[in-house]
Amino acid sequence: MKKLQNVVTLFTIFMCSVFAFAEEEIQIKKVAASSTLVEKGKSADFYRAENLTDNSYKSWVEGKNDDGIGEIITIEFEKPLSNLSSIGFRNGYGDLKYYYTNNRVKDISVTLNDEFTIKTTLKDRFDI
């Protein structure tokens with residue numbers, strides 16, 4: 001089986017957390033976003049892209065003045081993953097009281113190694 005390179009690009013608008021499952025330990029080298037919200041009264045990194053992978057309920061929030069369609073998250077791993085079995089998403093802001101008051105991902109494309117893309121529509125439901 002061909003090993004995956006160490007870059008996964010997510011085309012999305014707003015997410016709380018991303019989980020990748022593989023047979024080996026996953027270590028993330030870098031997380032970047034095409035934009036990030038800077039909100040008055042909060043630190044500049046409050047909604048940073050790294051919030052997607054830190055196992056917290058903190059969120060990344062896109063920084064465009066629209067619904068954020070076409071925003072990009074890139075996750076780079078320390079080493080190639082030999083057997084990625086799934087990627088999970090915790091949609092919305094991460095707290096049920098805010099779930100329906102904020103944008104959530106509907107359609108998503110996940111690209112591995114700039115060569116393999118999966119497109120799907122996420123169900124709009126709050127699950128833990």
Side-chain angles (χ1 to χ4, degrees):
M1 169 181 245
K2 181 179 176 184
K3 284 194 174 215
L4 297 175
Q5 296 287 321
N6 58 343
V7 178
V8 175
T9 302
L10 307 174
F11 298 88
T12 184
I13 57 171
F14 183 94
M15 278 190 285
C16 184
S17 297
V18 178
F19 307 95
F21 302 98
E23 288 185 6
E24 72 268 25
E25 182 180 348
I26 297 171
Q27 295 182 346
I28 296 171
K29 180 177 182 179
K30 179 180 173 185
V31 182
S34 54
S35 73
T36 300
L37 176 66
V38 178
E39 190 173 39
K40 187 177 180 178
K42 295 195 169 142
S43 66
D45 67 348
F46 189 83
Y47 295 115
R48 65 193 185 128
E50 290 85 352
N51 291 347
L52 296 174
T53 59
D54 69 359
N55 294 319
S56 74
Y57 277 92
K58 296 182 289 183
S59 297
W60 164 70
V61 179
E62 54 83 19
K64 292 170 61 177
N65 290 328
D66 57 19
D67 288 332
I69 295 170
E71 290 294 288
I72 299 171
I73 294 290
T74 302
I75 301 172
E76 184 177 343
F77 299 97
E78 286 289 344
K79 63 180 184 175
L81 303 176
S82 61
N83 193 4
L84 182 68
S85 59
S86 64
I87 300 173
F89 304 94
R90 187 180 303 128
N91 210 357
Y93 190 70
D95 186 328
L96 182 56
K97 68 182 176 181
Y98 300 115
Y99 185 79
Y100 292 104
T101 61
N102 288 286
N103 285 351
R104 296 166 306 283
V105 177
K106 179 178 180 183
D107 297 313
I108 190 167
S109 297
V110 178
T111 302
L112 304 170
N113 307 332
D114 291 327
E115 60 189 50
F116 178 74
T117 300
I118 300 169
K119 296 180 181 186
T120 191
T121 299
L122 301 178
K123 294 179 181 176
D124 189 14
R125 66 178 189 224
F126 185 84
D127 285 339
I128 294 181

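Both backbone and side-chain heavy atoms feed into the values below; hydrogens, waters and symmetry mates do not. Bear in mind that the values here come from a model prediction, so they are computed numbers and not experimental data.
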Closest non-hydrogen atom pair between [X] and [Y], with its separation:
| X | Y | result |
| --- | --- | --- |
| Ala33 | Trp60 | CB-NE1, 3.3 Å |
| Lys64 | Ile69 | NZ-O, 3.4 Å |
| Val31 | Ala49 | CG1-O, 3.4 Å |
| Ser59 | Asn51 | O-ND2, 2.9 Å |
| Glu62 | Gly68 | CD-CA, 3.6 Å |
| Glu71 | Ser34 | OE1-OG, 3.0 Å |

Hey, could you give me the [atom1]/[atom2] distance between [X] and [Y], rounded to the nearest 0.5 Å?
| X | Y | atom1 | atom2 | value |
| --- | --- | --- | --- | --- |
| Lys58 | Glu50 | NZ | CD | 10.0 Å |
| Ile73 | Leu52 | CD1 | CG | 5.0 Å |
| Thr120 | Lys106 | OG1 | NZ | 12.0 Å |

Thr111 versus Phe116: any side-chain heavy-atom pair under 4.5 Å?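 No, side chains not in contact.
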
Which residues satisfy the side-chain contact (heavy atoms from CB on, under 4.5 Å) test with Lys42, sequence neighbours excluded?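 With sequence neighbours excluded, Lys42 shows a side-chain contact (heavy atoms from CB on, under 4.5 Å) to Glu39, Phe46, Tyr47, given in chain and number order.
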
For Lys30, side-chain contact (heavy atoms from CB on, under 4.5 Å) partners two or more places apart: Ala32, Glu76

Examine Val110 and Leu122 and state if one hydrophobic cluster contains both, with Ile, Leu, Val, Met, Phe, Trp and Tyr joined whenever side-chain heavy atoms are less than 4.5 Å apart. yes

Who pairs with Asp45 by side chain to side chain donor-acceptor pair (under 3.5 Å), at least two apart in sequence or on another chain? Ser43

Heavy-atom count check: over 12 atoms from other residues, nucleotides or ligands less than 6.0 Å from Asp66 CG? yes

